[in-house]
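Since the structure is predicted, the reported quantities are computational estimates derived from the model, not experimental observations. Counting convention: from 1, in listed order, for ligands and their atoms alike.
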Amino acid sequence: MSVLKILKFGSPVLRTEASSVEKITKKTKQLNADMQDTMKAYEGVGLAAPQVGVLKRIIVFVDEEDYIRTLINPRIVKKEGARTDNEGCLSIPGRTGVVPRAFSVEVEALDLKGRKINLQREGLIARILQHEIDHLDGILFLDHADSVQSIKED
Ligand code: ZN
């Protein structure tokens, strides 16, 4: 297990569409473990594989009750409502944005064992899911933001 380097805004990888995972291998599981370590090390609430330079459709995020969940080939199948809130990104340090998103989402994906799962989440977790799934299509929160602020780094 190891903490991976997070690509920063400006890297073309972050603007590239990721490809579907066809087969869940040992390598997929290793990547998942490393992504979880990396997210924890940077105190993030979500991370998408392209952020660590891997153009595969895999995300990890902090789900309900602080459970860290991995989704493979996640797809939003339903969006409802709207909410605008602040958002940041480990790949865009020093900036936050005010970003309108759906209030609730339904997501279909595979888990690490290749089983189909269906999640319905609202509020912050729905926001994280929309943010991370956007990364798989090369989309960043800056693209949706109503406004972007600079914040001081410590
Ligand atoms: Zn992000």
Side-chain angles (χ1 to χ4, degrees), residues 1-21 28 30-64 66-79 81-112 117 119-154:
M1 308 235 282
S2 48
V3 174
L4 306 171
K5 185 172 171 261
I6 294 183
L7 298 179
K8 298 289 168 12
F9 182 64
S11 164
V13 173
L14 292 175
R15 290 307 200 175
T16 307
E17 195 181 325
S19 54
S20 296
V21 176
T28 316
Q30 183 60 53
L31 172 64
N32 165 64
D34 290 344
M35 284 174 66
Q36 292 202 14
D37 283 353
T38 305
M39 182 179 74
K40 284 185 228 166
Y42 288 93
E43 297 177 351
V45 288
L47 189 69
Q51 291 181 276
V52 293
V54 180
L55 284 166
K56 288 283 176 192
R57 302 187 80 85
I58 304 171
I59 66 168
V60 298
F61 69 102
V62 181
D63 200 1
E64 291 163 344
D66 291 334
Y67 175 72
I68 297 178
R69 191 180 292 280
T70 303
L71 298 181
I72 294 172
N73 301 338
R75 214 160 51 86
I76 295 175
V77 294
K78 198 173 171 187
K79 289 185 180 186
R83 177 158 301 180
T84 298
D85 210 339
N86 273 305
E87 209 167 300
C89 179
L90 292 175
S91 293
I92 310 173
R95 280 189 276 178
T96 63
V98 176
V99 186
R101 298 274 189 193
F103 176 68
S104 68
V105 293
E106 183 179 340
V107 173
E108 281 179 5
L110 299 178
D111 68 11
L112 277 170
I117 49 175
L119 301 176
Q120 293 175 39
R121 297 290 185 270
E122 57 183 39
L124 176 63
I125 296 173
R127 176 169 296 274
I128 297 167
L129 286 166
Q130 290 170 83
H131 177 119
E132 300 310 332
I133 292 171
D134 270 355
H135 272 300
L136 306 179
D137 292 315
I139 298 167
L140 302 172
F141 82 79
L142 301 172
D143 305 338
H144 301 298
D146 286 340
S147 63
V148 177
Q149 298 83 35
S150 289
I151 46 167
K152 273 226 173 77
E153 291 277 320
D154 36 53

Could you enumerate the protein N, O or S atoms under 2.8 Å from the Zn ion (ligand 1), written like residue then atom name?
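Metal shell, protein only: Cys89 SG, His131 NE2, His135 NE2.
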With sequence neighbours left out, what residues match Phe9 under side-chain contact (heavy atoms from CB on, under 4.5 Å)?
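Only Arg15, Ile92, Arg95, Leu140, Leu142 meet the side-chain contact (heavy atoms from CB on, under 4.5 Å) criterion with Phe9.
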Looking at side-chain heavy atoms only, is the closest gap between Glu17 and Arg57 below 4.5 Å?
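With C-beta onward as the side chain, the pair touches.
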Between the side chains of Glu64 and Arg121, is the shortest nitrogen-to-carboxylate-oxygen separation below 4.0 Å, so that they form an ion pair?
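Salt bridge: yes.
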Separation of Leu4 CG from Asp34 CG (nearest 0.5 Å):
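So the CG of Asp34 and the CG of Leu4 are separated by 4.5 Å.
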Report the residues that fulfil side chain to side chain donor-acceptor pair (under 3.5 Å) with Asp134, sequence neighbours left out, ordered by chain and then residue number.
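Result, side chain to side chain donor-acceptor pair (under 3.5 Å) vs Asp134: Arg101, His144.
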Check residues 42-56 and write down every donor-acceptor pair under 3.5 Å in which the side-chain atom is one partner and the other belongs to a residue at least two apart or another chain.
residue	atom	partner	partner atom	Å
Gln51	OE1	Ala48	N	2.9
Gln51	NE2	Ser91	OG	3.0

